[in-house]
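First the structure, in the form of structure tokens, and then the observations on it.
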Amino acid sequence: MTDEDLVSLPKAELHVHIEGTLEPELMFDLAARNGVELPFGDVEAVKRAYRFTDLQSFLDIYYQGAAVLRTRDDFAELMAAYLRRAAADGVVHAEIFFDPQTHTHRGIGFETFMGGFRDAMEDARRNLGITSQLILCFLRHLPPEDAVATIEAAADHLEGVVAVGLDSSEVGFPPELFVGAYDRARRLGLRAVAHAGEEGPPHYIWRALDDLGVERVDHGVRCLEDPQLVERLRRERIPLTVCPLSNVALKVVDRLEDHPLPKMVDAGLFVTINSDDPAYFGGYVGDNYAAVAKTFGWDLTRMAELAANSLEASFQARSGA
Ligand code: ADE
Ligand code: ZN
């Protein structure tokens, strides 16, 4: 099996943060264009800083990087670059996270970033044949009232948005804090996902399911610590958006060989493979497929099942409850 065989599998990407696709080269271009000072001398220095010890050590750098994004064209350029790269990996559909609070807190309005995203998404649909939708994420390290205010402010800008999500620092910020924001989002017709069980314990996954009503769990790799939870996820066929190279980069596991993915598949869980923050973790979705196939010795049939899972788990394929 070659990397081209893996590319040829039609797939969806369901767990990618658009701010996490900001390549160092584009970061420097935008910093220069917008007069933003970066704490790095050059692209090589940025890459050297990408040695993470845990989720927080990554997030500190990731939020710094996002500060170079200012204009509608900046957001369009970022989205266009991701969609080009994803299409080259055989992605036919993407459901893409964005963090509005990262931008509104810097005084950048919804119309600026949403307008830029939509310009590029529409262009990629027409010219590359890749479809995409957005998932609006609440930053869980900020107060729950801020999440409610964010969904209120977003209400007039929801074209292209299919769902809400929950991301940023997990431990200490359990899902149930965000019930109000999720209820409001549901009343606006949005669907729901949440990061849970990346660094946080299995009971955060229960709370995401029961209190937030999520239809997919982002990461969810710690579910294996709770057999009852595994049974529920299997029985209800709840998709898990697993990000193998991210889990290595953020030290959720020491090495890819230690990743629980084979156990998750053997347990009958509905898993998909995704990139998370590819510019920071050294691999787009195709690299994640290739690394998984090589490390676990999985053949094209097994990899095709995982690609088919991603299409089936997309909101495009699953009608709402
Ligand atoms: N934001 C961007 N990437 C993230 C991740 N892997 N976990 C939580 N929040 C994030
Ligand atoms: Zn993520």
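Keep in mind that the numbers below use all heavy atoms, side chains included, and drop hydrogens, waters and symmetry copies. Each ligand, and each atom within it, is numbered from 1 in the order the structure gives.
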Output yes when a side-chain donor or acceptor of R186 lies under 3.5 Å from a complementary backbone atom of L212, and no otherwise. yes

Location of contacts on F58 toward ligand 1, heavy atoms closer than 4.0 Å: side chain

The Zn ion (ligand 2) neighbourhood, protein N/O/S only, threshold under 2.8 Å: H15 NE2, H17 NE2, H195 NE2, D276 OD1

Sub-4.0 Å heavy-atom contact, L59 with ligand 1: yes

Quick one: do R126 and E122 make a salt bridge, cutoff under 4.0 Å? yes

Between S314 and E95 the two heavy atoms that sit nearest each other are CB-OE2, 3.5 Å

Interfacing atoms of ligand 1 (cut-off 4.0 Å, heavy-atom, H17): 1 (N), 2 (C), 3 (N), 4 (C), 10 (C)

At under 4.0 Å between heavy atoms, which part of E170 makes contact with ligand 1: side chain, backbone, both or neither? neither

Any salt bridge between R85 and E23, counting N to O under 4.0 Å? no

Going by the 4.0 angstrom heavy-atom rule, the piece of E19 near ligand 1 is neither

For H219, the ligand 1 atoms whose distance to one of its heavy atoms is below 4.0 Å: 6 (N)

Decide whether an N or O pair under 3.5 Å exists between H15 and ligand 1. no

The closest protein heavy-atom partner of atom 7 (N) of ligand 1 is E198 OE1, 2.7 Å

Could you pull out all donor-acceptor pairs under 3.5 Å where a side-chain atom in residues 37-47 meets a protein atom, sequence neighbours excluded?
from	atom 1	to	atom 2	distance (Å)
D42	OD1	E44	N	3.2
D42	OD1	A45	N	2.8
K47	NZ	E25	OE2	3.3

Would you mind checking which non-hydrogen protein atom is closest to atom 6 (N) of ligand 1, with the distance to 0.1 Å? D276 OD2, 2.7 Å

Taking the basic N atoms (NZ, or NE/NH1/NH2) and the acidic carboxylate oxygens, is any pair closer than 4.0 Å for D167 and R140? no

Quick one: does ligand 1 sit under 4.0 Å from the side chain of D167, the backbone, both or neither, non-hydrogen atoms only? both

Do D89 and K11 meet the salt-bridge criterion of a basic N to acidic O distance under 4.0 Å? no

Could you list the residues that satisfy ring pair (Phe, Tyr, Trp, His ring centres under 6.0 Å) with F58, not counting sequence neighbours? F52, Y62, Y280, F281

Please report whether ligand 1 has a polar contact with D277, defined as an N or O pair separated by less than 3.5 Å (distance criterion only). yes

Whether D299 and R302 form a salt bridge (side-chain N of Lys/Arg under 4.0 Å from carboxylate O of Asp/Glu) is what I want to check. no

Answer yes or no: is there an ion pair linking R222 with E198, defined by an N-O contact shorter than 4.0 Å? no

R232 with D210: basic N within carboxylate O range, under 4.0 Å: yes

From atom 8 (C) of ligand 1, work out which of S169, A196, S168 has a heavy atom at the shortest distance. S168

Using the test salt bridge (charged side-chain N to carboxylate O under 4.0 Å, His left out), find all partners of R234 that sit at least two apart in sequence or belong to another chain. E231

Is there a polar contact, in the sense of an N or O pair closer than 3.5 Å, between D99 and ligand 1? no

